[in-house]
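In what follows, a single structure is set out as structure tokens and then discussed.
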Amino acid sequence: MIILSIETSCDETAVSIVEALGDFPTATYEIRGNALFSQIETHREFGGVFPSLAKREHALTLVPMLEEALRQANLDNRDHHDPFPEDISHIHELLFREPGLADNLLSFSDTHNTPAIDLIAVTAGPGLEPALWVGVNFAKALSHLWNTAVVSVNHMEGHVFASVFNGHSLAHVEFPALSLLISGAHTELILMKQWKQYEKIGQTRDDAVGEAFDKVARMLGLPYPGGPEIEKLAAQAREKKLHSKDLLGLELPRPMLTSPDYDFSFSGIKTAVRYAVEGKQLTEDERCAIAREFQDAVTQVLIGKTQRAVDAYGIQSLIIGGGVSASAHLGEMFTDFFNYHYPDLRLYIPEKGLTTDNSIMIALAGHAHADSALDAQQANTLIRADGNRSIADE
Ligand code: KG4
Ligand code: ZN
């Protein structure tokens, strides 16, 4: 089965072509094409992702990404053929809210034969709704042009699959498993008794971890996205043995660390940083020390709450996913802690390149749900972008 996958939930425009041999969950996968454009430079000057700008960029970039992915996969047959006139009007109807996309797609289809794609997988949520709709409508248009089935994919479920994917196949996960999903908009603990069964047992009550990283970075005068910037400063602080307690008398709180639940709260840590930096001219050393203390506070809370759930549910496998799992420090802390205290627990952290948003993970999740794919007509009426879609509903 050859899967074409589309991801536009936030500020990455990504299209992949993944060939699956065999059935989920024992299939092997070959990444035949993978094209990703990050809009980070566009959003940086706004200090965060600007939804209407993201939407416009996705509309401009999707066809080039599609062409690149097909070229890599050797599926870009370029025999000239004219699209049918009725296709043109329907494609314009489907894409009328996405400036330029219909024209781009029609000139693409004018010069390319229908590729041998068996399934289109598209992120339908959660994420920024205007951004999601571009991908969803594009998937519907392709489905109509190529007469190919579509499966709508949950972005957070994609992060789960990214974590257990070793580049060729999915890990042999032992259940019950626990997924800690940490990204720019989500922080949740998900209990999995089986593949594709998700029960949300805890989540943040205010900011997501990635969001807190981004906001604290901004307070320290660092660009968006803040996670990697904080990581650099914190690493310098560790090297120079700088502590915010020594330099500024600052110890950040570890909110809800001991509360008898699986929820998180990060806004208090963020506010404590704000009070500490407001109106001050910080030295470089002080900024590094604050970044370190912030990273430590967040990591300790995440480990503490995860451990509580691991104990309570007899967890066999711990799956960490989402953009914040790109943090090397966080990965080391989790690995050291759980390898030492829980030597039998299997720990999964995504490989580099699959931590932040990508479309390979959408192809994997799409393959797992291939049995619920819809034909072009059904997809047109039934698939909707949903910014708040929950993994617990999959
Ligand atoms: O999963 P993702 O790419 O997009 C969403 O679905 O939200 O996650 C993006 C988030 C951003 O908030 C970014 O600052 C954070 O992941 N992030 C990090 C690191 N790299 C990315 N946070 C902490 N440390 C990092 N090294
Ligand atoms: Zn994500």
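Counting starts at 1 for both ligands and their atoms, following the listed order. Along the sequence shown, residues are numbered consecutively beginning with 1.
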Pairing of [X] and [Y] as salt bridge, 4.0 angstrom limit:
X	Y	answer
E67	R71	no
E93	K140	no
E188	K305	no
K241	D246	no
E394	R389	yes

- When you measure from atom 22 (N) of ligand 1 to every protein heavy atom, which one gives the shortest distance, and what is it?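 Atom 22 (N) of ligand 1 sits closest to the protein heavy atom G227 CA, 3.3 Å.
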- Item | Protein heavy atom at shortest distance from atom 2 (P) of ligand 1 |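 It is D357 OD1, 3.3 Å.
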- Message: Apply side chain to side chain contact (heavy atoms under 4.5 Å, CB included) to residues D386 and E129 and explain how you reach the verdict.
- Response: CA-CA 6 Å; D386 175 2; E129 226 158 270; 4.2 Å; yes
- Message: I'd like to know whether Q197 forms a side chain to side chain contact (heavy atoms under 4.5 Å, CB included) with M192, so could you lay out the CA-CA distance, the side-chain angles of the two residues, the decisive distance to 0.1 Å, and finally the verdict.
- Response: CA-CA 5 Å; Q197 280 182 18; M192 295 169 61; 5.7 Å; no
- Message: Can a donor-acceptor pair be found, under 3.5 Å and without considering hydrogens, that links the side chain of S38 to the backbone of I40?
- Response: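 It does hold such a pair.
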- Message: Suppose you place the vertex at the Zn ion (ligand 2); what is the angle out to H155 NE2 and H159 NE2, to 10°?
- Response: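 Taking the Zn ion (ligand 2) as the apex, I get 90° for this pair.
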Consider every N or O of [X] and every N or O of ligand 1, then say whether any pair is closer than 3.5 Å.
X	answer
G323	yes
A328	no
F213	no
H155	yes
H159	yes

Just let me know how [X] lines up against ligand 1, side chain, backbone, both or neither, with a heavy-atom cut-off below 4.0 Å.
X	answer
H186	neither
D214	side chain
A185	backbone

Which atoms of ligand 1 have any heavy atom of [X] under 4.0 Å away?
X	value
G210	12 (O)
S327	24 (N), 25 (C), 26 (N)
T356	3 (O)
G184	5 (C), 7 (O), 8 (O), 9 (C), 10 (C), 12 (O)

- Message: If you count heavy atoms of other groups shown closer than 6.0 angstrom to CZ of R32, is the number above 12?
- Response: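 Enclosed: over 12 neighbouring heavy atoms sit under 6.0 Å from CZ of R32.
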- Task: Check the pair H43, F50 against side chain to side chain contact (heavy atoms under 4.5 Å, CB included), reporting the backbone distance first and the verdict last.
- Result: CA-CA 6 Å; H43 296 288; F50 208 72; 3.9 Å; yes
- Closest heavy-atom pair and its distance - S267, D206: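 That would be N-OD1, 3.0 Å.
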- Do any of the N, O or S atoms of C10 sit under 2.8 Å from the Zn ion (ligand 2)?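 Short answer: no, not a single N, O or S atom is under the cut-off.
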- Atom nearest to the Zn ion (ligand 2) - D357, N, O or S atoms considered: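 Of all N, O or S atoms belonging to D357, OD1 is the one nearest the Zn ion (ligand 2).
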